[in-house]
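Notes for the one structure printed next.
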Amino acid sequence: MTQPLGSFPGGLKLRGHKKRSTQTPIRRTPLAKQLILPLQQHIGAAAVPIVEVGDKVLKGQQIARAEGHVSVCLHAPSSGTIVAIDEQPIPHPSGLTAACITIETDGEDKWAERHPVKNFRDMTPHEIRQIIRDAGIVGLGGAGFPSFIKLNPGIHHTVDSLILNGAECEPYISCDDMLMRERADGILDGVEIMLHALSAQEVLLAIEDNKPLAISAMELALAARPHLTQTKVVVIPTRYPTGGEKQIIQVVTGKEVPSNGLPIDIGIVCHNMGTAYAVGRAINHGEPLISRIVTVTGTDVTHAGNFETLFGTPISELLEFAETKRQPDEPFILGGPMMGFNLSGDNLPVTKTANCILVGVEDAAQKAEPLPCIRCGDCASACPASLLPQQLYWHARAKDFDQTRDYNLFDCIECGCCDYVCPSKIPLVSYFRFAKTEIMNQERERKKSDLARERFETRQARMEREQREKEERQRQRKAALAASKAKKDKEAAAETSSAEDKEN
Ligand code: SF4
Ligand code: SF4
């Protein structure tokens, strides 16, 4: 075990509520009759279907291919028949629908042929990344960024530290805690593969000190692999939001990721514990990512716990399995109380990023009308990214988006610490999300019009060039005609003159 080297500014000491969901081992959610699989469960371009309605599929069979660079493949979580490829409601705060593939399961849960790798050390990092991409693996901490990209530091970077994020700082979520307790060895399988792909100098397994059983399980598993001399468990203080990528890096290494920069800029790569486990399954067992551990908890859940759930399983079935006192249209939270969002309909599928379903929050803040800002500065003191939320709020509210950028809006990790401490109950994070969406929309529009202008200018230049070439061809033709006429005239004149000479 090694000691953390730093800390981050602000943050909160929140009351933990993890006991409720950590009293029983991980359970398997029963196989649902229908699995609804959104084509986009990751950051980047949606996957493209490679199956048709009516096709029979096997568990683990690829059903959609990655599109473009930032994308991953999608697989059938169980065997059955494709019954629809259409728009379906997805778990999103706006109530959006999106393209999904629906599988009617046949109950056999029959696997497609799997191709485990015999010895990953014989593979190049590129080959490993390719398998991870094809296996559909994304960051399982909640963001859903394609993992193969984070396993490619590029030719200009070397990796000093690979950090495995086991902080899980949201007060109700415990899926990583349970995974570490029960499958520490499987996590280390993935860690070894990641280490091989990145050639990192050291590996730091960072776990908050409120998870003693997870810490001992990881240490025990590590002790059984004495060759992992560069790998250590780092026990870090429990403080929200330590699980944020920049925050955990600062706590564990004492290094700060620059504003607008990436961890790799300072020689660090960070992955979630669940992601490492998925990498191990993909390489050593040939299993793509088709399920995840979901925490189902809250004051209204009778059998709170952690459930290994196939993607596409309706949330309603998961809630039924855990038994809740929830009324059909009662809202619940997807994610934690700090960073999650409210959903009301439960006929929505479990996706790759669904780490927690929370029904009923203890000491939930009563809904209150926001009051004017009293400039107390509490939000700035609580901000782990050293931002000035009060200023950001004023500029976002005034739609002065250039100013929000100047105040580093995009460094905001939407942790909700500022909302939590604001005595005026101003929904600051909602303003920041609104400003980010507006800026990104403007950016998209600007790129679209730049592209249209570029296309117009290219077409214009091509037409002008073609006109010039046409004129040049005409000029050359005229010149050739004139030259040939002059030649003929000259020959005729010569003939006439020679005839006259003969007559004389
Ligand atoms: S939500 Fe953003 S601005 Fe508010 S405390 Fe977190 S990082 Fe700072
Ligand atoms: S905490 Fe709320 S009231 Fe205080 S400065 Fe920030 S926004 Fe204003």
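Residue numbers count from 1 along this sequence. When a ligand or atom number is given, it counts from 1 through the structure's own listing order.
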Practice task
Answer whether the closest heavy-atom distance between the side chains of Thr238 and Lys13 falls below 4.5 Å.
Solution key: yes

Practice task
Indicate yes or no: at least one non-hydrogen side-chain atom of Leu37 is less than 4.5 angstrom from one of Phe311.
Solution key: yes

Suppose we measure from [atom] to each protein heavy atom; which comes out shortest, and what is that distance?
atom                    : result
atom 2 (Fe) of ligand 1 : Cys412 SG, 2.4 Å
atom 6 (Fe) of ligand 1 : Cys415 SG, 2.3 Å
atom 3 (S) of ligand 1  : Phe432 CE1, 3.6 Å
atom 7 (S) of ligand 1  : Ile413 N, 3.5 Å

Handout entry: Residues which pass ring-ring contact (aromatic ring centres under 6.0 Å, His included) with His69, listed by chain and number, not counting sequence neighbours
Key = Phe148

Problem - Minimum heavy-atom distance Val191-Leu205, with the two atoms named - result: CG2-CD2, 4.2 Å

Fill in the blank from the handout: Closest non-hydrogen contact found for His157 with Ile264 is CD2-O, 3.4 Å

Fill in the blank from the handout: Within the 4.0 Å heavy-atom cut-off, what Pro241 brings close to ligand 1 is neither

Problem - Side-chain donor-acceptor pair present, Ser174, Ser21, cut-off under 3.5 Å - result: yes

Handout entry: Distance-only polar pair, side chains of Thr351 and Gln41, donor-acceptor under 3.5 Å
Key = no

Handout entry: Among Cys383, Gly416, Ala385, closest by any non-hydrogen atom to atom 8 (Fe) of ligand 1
Key = Cys383

Exercise for the section: Examine distances only and state if a side-chain atom of Lys352 and a backbone atom of Gln40 form a donor-acceptor pair shorter than 3.5 Å. Expected result: no

Practice task
For atom 6 (Fe) of ligand 2, check which protein N, O or S atoms are under 2.8 Å away and list them.
Solution key: Cys379 SG

Fill in the blank from the handout: Residues at least two apart in sequence or cross-chain that pass side-chain contact (heavy atoms from CB on, under 4.5 Å) with Asn152, listed by chain then number, are Arg129

Completion exercise
Those residues at least two apart in sequence (or on a different chain) that pass side-chain contact (heavy atoms from CB on, under 4.5 Å) with Tyr420 are Leu12, Leu14, Met338

Exercise for the section: Tell me, please: is Pro384 in heavy-atom contact with ligand 1, that is, under 4.0 Å? Expected result: yes

Practice task
Please could you name the atoms of ligand 1 that Val429 approaches to less than 4.0 Å, counting only its heavy atoms?
Solution key: 1 (S)

